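First comes the structure, then the notes that go with it.
Every chain is numbered from 1, with letters handed out A, B, ... down the list of sequences. We use all heavy atoms of the structure for the numbers below, so side chains are in, but hydrogens, waters and symmetry mates are not. Keep in mind that what you see is a predicted model, and the values were worked out from it rather than measured.
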There are 2 protein chains.
Amino acid sequence: MSDTSAPARGAATLHDVAREAGVSLATASRVLNGSTRKVADSYRERVEAAAEKLGYTANLSAQATARGTAAIVALLVADIADPYFGQLAAGVARGADEAGLVVTIAITERDPQREVRLVRALRGQRPRGLILAASRTEGTDAAGLDAELQAFTNMGGRVAVVGPGGGSARHVALDNRGGAAALGAELARLGYREAVVVAASEGIRTSDDRVAGFTQGFASGGGSVREVRRGGFTRDAGYETAQQLLADGLPEGTVVFGISDVVAIGVMSAIRDAGRQVGADIAVAGFDDIATGRDIRPGLTTVHVPLEELGYRALHAATDPEWDATEPPLPLEVVVRGSTPARA
Amino acid sequence: MSDTSAPARGAATLHDVAREAGVSLATASRVLNGSTRKVADSYRERVEAAAEKLGYTANLSAQATARGTAAIVALLVADIADPYFGQLAAGVARGADEAGLVVTIAITERDPQREVRLVRALRGQRPRGLILAASRTEGTDAAGLDAELQAFTNMGGRVAVVGPGGGSARHVALDNRGGAAALGAELARLGYREAVVVAASEGIRTSDDRVAGFTQGFASGGGSVREVRRGGFTRDAGYETAQQLLADGLPEGTVVFGISDVVAIGVMSAIRDAGRQVGADIAVAGFDDIATGRDIRPGLTTVHVPLEELGYRALHAATDPEWDATEPPLPLEVVVRGSTPARA
DNA sequence: TTGTAGGCGTTATCAG
DNA sequence: CTGATAACGCCTACAA
C-alpha cells in the first residue's frame, strides 16, 4: 500500500500514466479515451492499473481543444430558482448524464441584453449544444440574438429552443394554444362565464399563444374574457397585477387565468390578502402544473406540462445528430383542482 | 454591410484575428485576454476591430489547457428541481457571473456512489472550485468521497461545502442547531407542549443538528418531543411519514416539525388528505423558508435561511483565494406564520 | 497492434 | 512595447 509517486502538484497527466504503464502516449490514449478499441489486453490492463493508481482523470479542456468540440451542453434559463425552470433543468441534467455530457448553466434574468451576452460567452466553450429555455423576452434584441445563434450553429453547434422560437433552431414545442383552449373549454363547462387573464407582455409568444387559446376555448363554451392584464412571468408580477385587478373590482364568480402557475400562485395570494376567497368567490387557473400546485390549498387547476420530460427532450434536440423533428408533441392535459369549483 | 469573410466552417481563431489586424498572435492575445495591459492604442484598436468583425470568442478550452485551470466552478446538488437547491443555485450563478466564471452543474440524486463518480468526473474539467451542496447522504462512501475531494484540492482546486461537512474543505455553515432551538423555544412560547419531528435518516448531520436543536429548544420552554420519525429530505418522504404518523394517531394540538420546508409541506398535505386541519388541529413547522412557504395556506412557520445569499457565499468560498473563514455565519431567524397558531 | 510526430487554440517566456 | 516560439494535455493520421 505504499504509494510511491503521488503527484505532488497538479493532476496526473496521460503522459504520467503512459510512463507508469510503460507504453506510449497513443496507447494510453486509446485505452483510456478513444472509442474504437484495438489494444492488446495485457497493455490495456497495465494502462488501466496505472490510471487507477495515479487517480488519472482526462483533462476535458485538453480533450476539447484537441477534438475541436467539448462534451458540454449549455443551458440558458431565465431564473433557476423558478420551479418551472428547475424541473426543466432536472430533465436536461438527466439526459446529459446519460449521454456523458456536462451541463453548463447560465441565467438570463429575463434581460435580452444579458441573453445575447451569455450566448456569446457560452459559445466560447464550444459546447455540442445549446438549450434556450429563457422565454424569449420582450424588447428582445432579436437580431443580436439570432446573429449570435447563427454564429453558434455555423461553428457546428446545435441549438434547441424550448417553446416557440424563430430561426433555424430545433424546437421542442408545446401546444400552448391547444392546452389553453382545452382549459378554457373546461372552465366554461364548469359553469364559468366571465374571465380575466393575467398575462405577460404582448409579443411574448408563449404568453400570446396561451391567451389566444384560452380566449378561444372559453368562448367556444359560451364564456367571454373580459380583460387581459399584462404583467410578467413571475410570482410577484402575478401578485401585483391581481392587486390592481381587485382594486378595480372583481365580481364574484370570475375566473382568473394566470399565464403560468407561478403567476397564478401570485394571483391566489393577492386574492387572499385582499380578504377574498380563492375558489367559490374568485376562481383561479394556471398553466404548467409545477409541483407546488399540488400542495397549496385549494389545489391549482392547470394544464399539465411534463416539464422534466420537456427538458429531457430538449437535451436530445440539442445534441442528437439524428434528432427526429417529427416526434409527436408532448401531450398536455388539463387537471382540475379546487381552485375552480364547479359553479352551480 | 457586405460581410466579406464570414468563416465558413469553425469559429474564428485568435490566429485569424491577428492576421486580420496585421499583428502577431502574442499582441492579439494580450489585448483580447491577458490581464496586464501594455499595448499601443493603435494596435489595440485594430485588434478589437478585427475581433468584432470576425465575431471572435476566445476558445475557453484552449485557454484552460494553456493556463492549466479553467474559469469554471462546479456545483453539486442533490436535486435541482427542489426549490431549496434552486434558490441556492441562483446565488451561486449570480456570484459566478460577477466573477466571470461558468457554472457547471451535476445532480447526485442523493446517491453516494453517484456523488463520488460525479466529483471525479467534474475534476476532469479542472474547475477553479467545487461546491458541494448535496446534503451528505447516508451510507455515504465517506472514504471514497474524501479521497476524491483530496485529489481535487491536491491539484489546486478549492472545495466548499454548504452546511456541515468534514475534511479540509471550506464550509459555509448554517447554525442549524441554534435556528432549530430558537424555533422550538418559540413554539413552546406559543403554547405547544407535544411535538413530533419528521427527520431524515440518522447520521445526516443537517438533520441530526436540527433535531437536536429543536428538542433542546422545545424542552427549554417546557415542551417535549414525543417521537422522531425518520424519512428523507423530500416532499414525498414527508408525506408518507406523516401518513404513518396519522395512522398511528396524532393528538390534536401536537406540532409536527419537518426537518425542512419541503418535508413540512409534504406533512401538511398528508394532514389535509387525512381530513385533519393544519393549524388549530395539528400544527406544522419547517426549516429553510423556501419561497413556496409564503404562498401556501396557512403560511408555513419556519426558520428563515437566506438561501440565495448562502449560494453566493459558497461561490466565494470555492473560488476566492483569500476567503475569510471567520466571516460571521448567516443570521437565521424564525418566522411564525399561520401553520402554528398560538394555543389558548 | 503499437509508436512517432504534428496539430488544436492559447498563454507565457524571452529576446529584439 | 512587440513578436517568435516553446509549452499545455490530448488526439490522430501515418508509419513501423
Applying a 4.0 Å non-hydrogen cut-off, can you work out what [X] is touching in the nucleic acid: base, sugar-phosphate, or nothing?
X       : result
B/Thr13 : sugar-phosphate
B/Thr65 : base
B/Ala26 : base
A/Ala64 : nothing

Inset, instruction - Go through the steps for B/Thr153 and B/Gln150 under the test side-chain hydrogen bond (donor to acceptor under 3.5 Å, both in side chains), then give the verdict. - result: CA-CA 5 Å; B/Thr153 56; B/Gln150 195 51 248; 3.3 Å; yes

Inset, instruction - Show the numbers, then the answer: is there a salt bridge (charged side-chain N to carboxylate O under 4.0 Å, His left out) between A/Arg19 and A/Asp16? - result: CA-CA 5 Å; A/Arg19 187 151 37 75; A/Asp16 300 332; 3.1 Å; yes

Rounded distance in Å - [atom1] ([X]) to [atom2] ([N]):
X       : N      : atom1 : atom2 : value
A/Arg30 : D/dA13 : CZ    : C1'   : 10 Å
A/Leu60 : D/dG9  : CG    : P     : 14 Å
A/Asp16 : D/dC8  : CG    : P     : 11 Å
B/Arg19 : D/dG3  : CZ    : C1'   : 17 Å
B/Leu25 : D/dA7  : CG    : C1'   : 14 Å
A/Leu32 : D/dG9  : CG    : C1'   : 13 Å
A/Asn33 : D/dT12 : CG    : C1'   : 12 Å
B/Arg67 : D/dC8  : CZ    : C1'   : 12 Å

[X] side chain to [Y] backbone, donor-acceptor under 3.5 Å:
X        : Y        : result
A/Arg158 : A/Gly129 : no
B/Asp320 : B/Glu322 : no
B/Ser29  : B/Leu25  : no
A/Arg126 : A/Ala70  : no
A/Arg94  : A/Glu309 : no

Inset, instruction - For B/Ala66 and for B/Tyr43, locate the closest nucleotide of DNA chain D by heavy-atom distance; then report the residue assigned to the nucleotide nearer the 5' terminus. - result: B/Tyr43

Can you check whether [X] has a side-chain N or O nearer than 4.0 Å to OP1 or OP2 of [N]?
X       : N      : result
A/Gln63 : D/dC11 : yes
B/Thr27 : D/dT2  : no
A/Tyr56 : D/dG9  : no

Inset, instruction - Would you grab the first and last nucleotide of DNA chain C (5' to 3') that comes under 4.0 Å of any non-hydrogen atom in chain B? - result: C/dG9 to C/dA12

Inset, instruction - I would like to know whether B/Asp97 and A/Arg114 meet side chain to side chain contact (heavy atoms under 4.5 Å, CB included); could you show each step before the answer? - result: CA-CA 11 Å; B/Asp97 188 67; A/Arg114 248 182 90 74; 2.9 Å; yes

Inset, instruction - Supply the atom-to-atom distance B/Leu118 CG to B/Glu148 CD, rounded to the nearest 0.5 angstrom. - result: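 Interatomic distance, B/Leu118 CG to B/Glu148 CD, rounded to 0.5 Å: 10.5 Å.
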
Legend entry - From CD (B/Gln125) to CD (A/Gln125), nearest 0.5 Å: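 If I round to the nearest 0.5 Å, the distance is 8.5 Å.
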
Inset, instruction - Note the angle between the end axes of the helix from C/dT1-D/dA16 to C/dG16-D/dC1, five pairs defining each, rounded to 10 degrees. - result: 40°

